[in-house]
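Here is the naming used below: chain letters follow the sequence lines, and residue numbers restart at 1 for every chain.
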Amino acid sequence: MGVVRALAIETATTACSIALLDGNRREARLLAADRRHVEVLAPGIAALLEDFALRAGDLERIVVDRGPGLFTGLRVGLATAFALADATGAGLVGVTSLELLAHGAHEAGVRGRLMAVVDGRRGEVFTQRFELADEVTAESEPAVERPRDVVIAWATNGAAVTFCGDGVARYERDFAAVPNGTLHPLSVPPTLAALDLAGREPGPVAPLYLREADAVANFVTRDAR
Amino acid sequence: MSRVTVGPAATELAGEEFARLLRPGDVVLLSGPLGAGKTTFVRGLARGLGVSERATSPTFTLVRQHRCHNDRGIATLHHADVYRVTSLDEVLDLALGELVEEAAVAVVEWGELAAPVFGADVVTVSIAVTSDEGRTIDVDGAGARDRAEAMARWAS
């Protein structure tokens, strides 16, 4: 893969975390758990770089979680990633919160079917199904669902499945009711998993909000009413 | 759940009494044709939440924040109007669904135009014009269902 120095930025949940890779050295840091992304992110990156005796200009890649997740967090993470990439010339790699959860669970030894569940707030969760074997394979597209519908679907189909993500933490009682379901404590998309994906082809990154696409159709019909 | 009003004063009172049903975290999508009394309803709602300044239509400002004084834990009213918004990005940028988690409620005029942005747990208020002065105010939405009794009292 060849990437030696990479920074990962994660702001898709109420937590704000980063990780830095420099050759064989890597370190992940949780900067805040309680929605203070704008306050802690930039100083946190500066401090981590300093501890590694690196400058921002040394970074080859910036890996950023582009969602889906907490909107007010994502825009801080994405804006910071864009600015850093722009200023340093580092390549930008966008990853999703759901795939980070899948890779994190895989790293933690989970195998078989995995449902990554990110809290979408307002009574909804962002979900995606993965198969974890030697590799991590996505088996569905990211979706917005009501937690109860996810639970009913898995309870009906009866298959063994592992759930992880902050959406599971929020609706723990619902997910615990799935007969063949296992709840995994992984809640925040792990930044070390993001560093593992730093070798992907860099390119333009756009936020993944998921709700936007549904709303466009309604919106353009406004004047026809 | 519907309440019938006759005249702006009655619509304003309906808004004021509706405010007592609200809890921190609520997003209210308010709809109705131009002139139906959406802003009148919000004026009453603002008074019901203990907002001291007068609520005007936020049409040209997108969103106004009002400080509230009540004993129900609602510290801020976000009053938005998305009618003139040209793209959904602007609605997303308001992040109202997340802002209300900090001891606030949001009322969004024309909010149903961008409903999916706000998620499933919303309260919808639709004002229908039935005559010159007559209005039917209909309350629905997943966010309203857990307080059906109080809504029924409000409607009667």
Heavy-atom nearest pair, Leu92(B) first then Tyr209(A), reads CD1-CD1, 3.5 Å
Electrostatic pair Arg146(A):Asp121(B) at N-O distance under 4.0 angstrom: yes
Is it true that atom CZ of Arg67(B) has more than 12 heavy atoms of other residues, nucleotides or ligands lying nearer than 6.0 Å? no
Quick check on Val100(B) against chain A: is it the side chain, the backbone, both or neither that has a heavy atom closer than 4.5 Å? side chain
Tell me whether Arg211(A) contacts the main-chain N or O of Ala115(B) through its side chain, where contact means a donor paired with an acceptor under 3.5 Å. no
Within the supplied structure, the quantity of interest is the number of heavy atoms (other residues, nucleotides, ligands) at a distance under 6.0 Å from Glu131(A) CD; does it exceed 12? yes
Can we say Glu98(B) and Arg122(A) salt-bridge, meaning some charged N sits less than 4.0 Å from an Asp/Glu carboxylate O? no
Taking everything shown except Asp132(B) itself, do over 12 heavy atoms lie less than 6.0 Å from its CG? no
Tell me, yes or no, whether the heavy-atom count around Glu107(A) atom CD, taken from other residues, nucleotides or ligands under 6.0 Å, exceeds 12. no
Minimum-distance pair of heavy atoms, taken over all atoms of Glu124(A) and Gly119(B): OE1-CA, 3.2 Å
